[in-house]
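All heavy atoms count here, side chains included; hydrogens, waters and symmetry mates do not.
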Amino acid sequence: LCQRGEWKLIQTYAPLLQNLTDGDGYTLLAHAILSKDLLIAEKLIELKIGNDKPDLTGNTPLHLAAEVGFIDIFSSLSHLQKERTRKDRK
């Protein structure tokens with residue numbers, strides 16, 4: 001689905017997909033990170049699908065990106081986390 005570029009359909013269901021996980025607690029974003037698929041990971045982050053959801057061992061997508069050395073995605077998620085922290089402090 002994502003590979004065919006049907007992002008409008010994904011956007012429509014984004015609220016339902018935010019917390020969708022498999023048996024290990026991995027979100028769609030976690031799978032994109034683990035497979036190092038930059039295009040899909042960036043789009044899922046943009047749509048806020050699974051950005052903060054931890055897996056069953058407590059690892060968030062930020063942790064997974066660091067673990068597999070996916071620097072671009074780690075930077076994006078880290079930036080979002082900093083923005084949220086700033087907003088929370090206000």
Side-chain angles (χ1 to χ4, degrees):
L1 184 67
C2 295
Q3 293 173 339
R4 292 191 309 247
E6 295 178 358
W7 291 110
K8 287 190 187 263
L9 184 59
I10 297 295
Q11 273 182 297
T12 302
Y13 292 102
L16 298 173
L17 298 173
Q18 287 177 358
N19 295 312
L20 178 70
T21 59
D22 66 10
D24 295 317
Y26 290 138
T27 60
L28 295 172
L29 179 57
H31 281 285
I33 290 169
L34 293 171
S35 64
K36 291 192 172 185
D37 191 320
L38 182 61
L39 175 66
I40 291 176
E42 286 177 337
K43 193 65 175 177
L44 292 170
I45 290 168
E46 179 185 319
L47 295 173
K48 299 178 182 156
I49 297 176
N51 290 0
D52 299 315
K53 180 97 172 122
D55 62 21
L56 294 180
T57 61
N59 290 316
T60 65
L62 179 66
H63 296 121
L64 294 174
E67 187 177 302
V68 299
F70 203 177
I71 303 302
D72 293 335
I73 295 306
F74 177 85
S75 295
S76 295
L77 290 168
S78 180
H79 179 74
L80 288 174
Q81 189 173 40
K82 287 177 187 176
E83 284 182 4
R84 275 193 307 275
T85 301
R86 268 189 244 129
K87 288 178 184 177
D88 290 345
R89 290 182 182 165
K90 291 182 179 183

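With a 4.5 Å cut-off on side-chain heavy atoms, Ile73 and Leu38 count as touching. Contact check for Ile10 versus Leu28: no side-chain heavy atoms found under the 4.5 Å cut-off. The closest side-chain heavy-atom distance from Val68 to Leu34 is below 4.5 Å.
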Could you go through the side-chain contact (heavy atoms from CB on, under 4.5 Å) check for Arg84 and Gln81 one step at a time?
CA-CA 5 Å; Arg84 275 193 307 275; Gln81 189 173 40; 3.8 Å; yes

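Listed by chain and number, the residues in a ring pair (Phe, Tyr, Trp, His ring centres under 6.0 Å) with Tyr26 are His31 (sequence neighbours excluded).
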Which atom pairs, donor and acceptor, lie under 3.5 Å between side-chain atoms of residues 39-48 and protein residues at least two apart or in another chain?
unit_1	atom_1	unit_2	atom_2	d
Lys43	NZ	Glu46	OE2	3.3

Side-chain donor-acceptor pairs of residues 54-65 under 3.5 Å, sequence neighbours excluded:
unit_1	atom_1	unit_2	atom_2	d
Asp55	OD1	Thr57	N	2.9
Asp55	OD1	Thr57	OG1	2.8
Asp55	OD1	Gly58	N	3.0
Asp55	OD1	Asn59	N	2.9
Thr57	OG1	Asn59	ND2	3.2
Thr60	OG1	Leu62	N	3.4
Thr60	OG1	His63	N	3.4
Thr60	OG1	His63	ND1	3.0
His63	ND1	Thr60	N	2.9

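Atom CG of residue Asp52 and atom CG of residue Asn19 lie 9.5 Å apart, to the nearest 0.5 angstrom. Thr85 OG1 to Leu80 CG: the interatomic distance, rounded to the nearest 0.5 Å, is 10.5 Å. Distance NZ/Lys87 to NZ/Lys82: 15.5 Å, rounded to 0.5 Å. The distance from the CG atom of Leu17 to the OG1 atom of Thr12 is 10.0 Å, given to the nearest 0.5 Å.
Looking at Lys53, its side chain never comes within 3.5 Å of a backbone N or O of Ala30 through a donor-acceptor pair.
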